[in-house]
Amino acid sequence: MEIAVLVKPVPEAETRLRVAASGTTMDPDGIKWVLAGYDESAVEQALLLKESIPGSRVRVLSFGPAPRTEEVLRASIALGCDRATWIEQPADARTDPIGTARAIAAVLTAAPPDLVLAGKHAGDDEAGLVGPALGELLGVPSFGGVTDLRWDAARSRFTFLHAVEGGTESVEAMLHLVVGLQQAWNDPRTAKLPNILKSRKAPIEKIAWATVAPHVGDGTGAPVPAKFRLPTPRTGAKMIEYKTPDEAAVALVRLLKEEAKVFP
Amino acid sequence: MSTTVVLGEARSGRLVEASGEAVGVARRLGATRVVGVLLAAADDPSIASFARAGLDHLYTAVVDPAFAPSPSVPAQLAAQIAAKESADLVIVGGTVLGRDVAGRVAVRWNAAAVTGVTDVDRPGPGSLHVVRPVFGGRATQELLVDAPRVVLALRPHAFTVPSPAAAAAPQEAIAPSESPTEAGAGRIVAFTPSAGRSGPELGEASIVVSGGRGVRAPENFHLVEELAESLDAAVGASRAVTDAGWRPGTYQVGQTGKSVSPQLYIAVGISGAIQHLVGMVSSRVIVAINTDAQAPIFKVADYGIVGDLFQILPALTQEIRRARGRTD
């Protein structure tokens with residue numbers, strides 16, 4: 001089985017976010033970039049399938065700028081992916097998630113994989129658009145928030161769970177499918193040191209922006225960042241004074257209704 | 001003339017709340033015509049609800065239920081109607097399906113797309129100003145969308161549902177231009193309703209009530225759950241609670257659990273270790289109830305009650321039920 005995994009570098013979870021001088025984006029200075037949490041689950045899932053289906057290969061792809069994109073591709077190779085493809089994004093290329101999906105589709109259409117895995121969304125912009133858009137571009141089904149993905153070889157079907165409001169759908173799908181995985185349900189492995197060292201020298205297939213740019217378009221109509229805001233720091237709680245529990249309850253409900261306006 | 005298409009969603013014979021929220025946003029943005037699209041069996045009660053949700057016209061389509069909830073099918077239908085109606089905006093509710101569908105509609109209909117929308121307005125004709133939380137609610141992104149066709153997926157509970165219209169919108173049954181196939185849509189073979197209480201999912205809820213070590217024992221956790229139920233809230237827990245096995249790991253809010261950013265977060269008997277704070281500090285309003293006035297949770301809370309949760313919680317649950325007109 002040919003499996004493709006989409007990965008994306010995102011700031012480490014504990015990163016202290018700052019606003020860039022432009023006021024419209026995050027300040028990328030001093031950020032430590034890592035493989036997105038949901039993507040770790042996607043890589044793990046790809047490796048589990050590879051281990052269970054003889055003759056499988058895992059290709060990891062990422063669309064993004066140097067050097068962080070190359071770094072997460074090497075991290076994926078260290079985890080066990082067979083082959084890495086980096087679609088280079090120049091710093092000044094104006095794109096959005098739909099453009100990213102078009103760039104990836106342009107590369108995958110030549111040899112469509114049997115399965116495309118991704119995180120259900122990345123922990124930075126949380127758009128969750130690339131997987132569904134890629135499914136549409138490749139003309140295959142797509143499902144996000146998936147767990148328990150398995151391959152039923154006897155019936156040539158993928159089976160998986162898709163958590164929706166109020167319950168869980170059990171889904172079956174044929175070869176050629178895009179799946180966005182739920183985070184951390186499969187306990188992603190960590191890379192072994194020798195593999196990390198080897199991954200530093202592993203070849204990475206580079207695809208120039210010029211190759212995919214005609215498919216992506218010039219960014220006309222793509223959403224433009226207008227502002228990036230951080231929450232105002234809290235100054236400590238307003239403490240509710242009371243004599244009886246009932247008094248405290250009445251006071252809190254009144255504040256939630258009249259002041260905070262969050263009472264349902 | 002500006003037409004907005006709202007893709008509705010029916011679950012177990014009911015129109016999901018998110019579909020009503022989407023109609024409200026369409027109206028708020030000043031659409032001159034709001035058209036609904038719904039995949040549902042001909043006699044499904046959700047059709048009547050959607051027809052009264054504030055639409056000018058409602059298209060309904062019947063599709064084999066094995067394919068109907070698969071994202072590619074409603075996406076195809078929404079794009080088909082958007083093209084037929086020469087719409088400039090498609091809005092989908094912030095459900096799992098809504099998010100699965102948005103990117104597909106955008107490709108099919110050649111539109112820009114923004115998901116997780118918590119606020120939107122029109123700074124000028126043909127332009128949208130969109131607000132959405134990013135980084136797990138640790139920051140907010142504002143975008144300007146200047147495109148002839150736009151798809152918006154809303155964040156759950158960020159908008160209110162308008163009151164039902166007096167008259168039902170005219171309905172029209174349509175056939176999808178493409179018949180769904182297993183190769184193109186996958187097949188939904190079963191649906192298992194969530195076990196236990198039917199409250200909202202922790203990650204999606206607009207209100208979350210979490211219990212911590214202060215609850216003292218698993219048999220006391222019902223106090224937290226009753227408070228949550230009175231608010232239609234999801235139930236969460238601190239790591240102390242899930243590590244002790246009082247509640248499953250899926251309840252955990254924090255660095256090693258789920259990150260939540262609801263409108264209202266009530267922390268009960270939670271001291272506020274940094275590992276918990278990371279997962280909830282981006283909530284809009286935080287209430288802390290704790291016996292220890294020095295607990296760090298009060299530093300991030302908006303409202304605090306220092307007191308014994310075993311006394312405060314029953315009183316609070318009762319007061320909330322009363323305020324919401326519930327006597328159950």
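A, B, ... follow the sequence lines: proteins, then strands. Residue 1 opens every chain. What's counted below: heavy atoms across the whole structure, side chains too, no hydrogens, waters or symmetry copies.
Contact tally against chain A (heavy-atom pairs below 4.5 Å) for B:V105, B:V16, B:T140: the top residue is B:T140. Interface summary for chain B: among A:V19, A:D124, A:V171, A:I240, the most heavy-atom pairs under 4.5 angstrom belong to A:D124. Taking chain A as the reference chain and counting heavy-atom pairs below 4.5 Å, the highest number among B:A147, B:P71, B:S72 is found for B:P71. Ranked by heavy-atom pairs under 4.5 Å with chain B, the first of A:G128, A:A127, A:P132 is A:P132. For chain A, the option among B:R149, B:R132, B:H129 with the highest count of heavy-atom pairs below 4.5 Å is B:R132. With chain A as the partner, the residue from B:D308, B:V134, B:L231, B:L313 showing the most heavy-atom pairs under 4.5 Å is B:V134. Most heavy-atom pairs under 4.5 Å with chain A, from the set B:A66, B:A112, B:A183, B:P314: that is B:A183. With chain B as partner, the option from A:G145, A:G139, A:A249 having the largest number of non-hydrogen pairs under 4.5 angstrom is A:A249. Among B:V145, B:L128, B:I289, B:I188, the residue with the largest count of heavy-atom pairs under 4.5 Å with chain A is B:I188. Chosen from A:A222, A:P225, A:A173, A:A251, the residue pairing most often with chain B at heavy-atom distances under 4.5 Å is A:P225.
To the nearest 0.5 angstrom, A:M174 atom CE is 5.5 Å from B:E182 atom CD. The CZ atom of B:R324 lies 10.5 Å from the NZ atom of A:K257; values are rounded to the nearest 0.5 Å. From B:D302, atom CG reaches atom CG of A:L255 across 10.5 Å, with rounding to the nearest 0.5 Å.
Looking at A:L252, only its side chain comes within 4.5 Å of chain B, counting heavy atoms on both sides. There is no contact between B:R14 and chain A, counting heavy-atom distances below 4.5 Å. Only the side chain of A:F263 comes within less than 4.5 Å of a heavy atom in chain B; its backbone stays farther off. Proximity to chain B is limited to the side chain of A:L256, based on heavy atoms less than 4.5 angstrom apart. If you measure heavy-atom distances from B:P133 to chain A, the contacts under 4.5 Å come from the backbone alone. For chain A, the nearby part of B:A185 is the backbone; its heavy atoms alone come within less than 4.5 Å. For A:T159, no part sits under 4.5 Å from any heavy atom of chain B, backbone or side chain. Interface remark: A:A163 contributes backbone atoms only to the contact with chain B (heavy atom separation under 4.5 Å). Of the atoms belonging to A:V250, heavy atoms from both backbone and side chain fall under 4.5 Å from chain B. For B:Q76, no part lies near chain A; criterion is any non-hydrogen pair under 4.5 Å. For A:H162, the part lying under 4.5 angstrom from a heavy atom of chain B is the side chain only. In this structure, no portion of A:E247 lies under 4.5 Å from any heavy atom of chain B. In this structure, chain A has heavy atoms under 4.5 Å from both the backbone and the side chain of B:V189.
For A:A248 against B:I312, the heavy-atom pair with the smallest separation is CB-CD1, 4.2 Å. For the residue pair B:R104 and A:S142, the shortest heavy atom distance occurs at NH1-OG, 2.7 Å. The two residues A:A237 and B:G304 make their nearest non-hydrogen contact at CB-N, 3.8 Å. Counting all heavy atoms, side chain and backbone alike, B:G307 lies closest to A:Y242 at CA-OH, 3.3 Å.
Looking only at side-chain heavy atoms (C-beta outward), B:F135 and A:L230 stay at 4.5 Å or farther from each other. The closest side-chain heavy-atom distance from B:I320 to A:V253 is below 4.5 Å. The closest side-chain heavy-atom distance from A:R157 to B:R187 is not below 4.5 Å. Contact of the A:L129 side chain with the B:T115 side chain is registered, since non-hydrogen atoms from C-beta on lie closer than 4.5 Å.
A salt bridge between B:R11 and A:E169 is present, with a side-chain N of the basic residue lying under 4.0 Å from a carboxylate O of the acidic one.
A side-chain contact (heavy atoms from CB on, under 4.5 Å) with A:P223 is found for one member of B:V130, B:L143, B:L144, B:V150 and no other, namely B:L143.
Using a 4.5 Å cut-off between non-hydrogen atoms, the part of residues 95-109 of chain A that approaches chain B consists of A:I98, A:R102.
Although no hydrogens or angles enter the test, the distance criterion places a donor-acceptor pair under 3.5 Å between the side chain of B:D100 and the main chain of A:G144.
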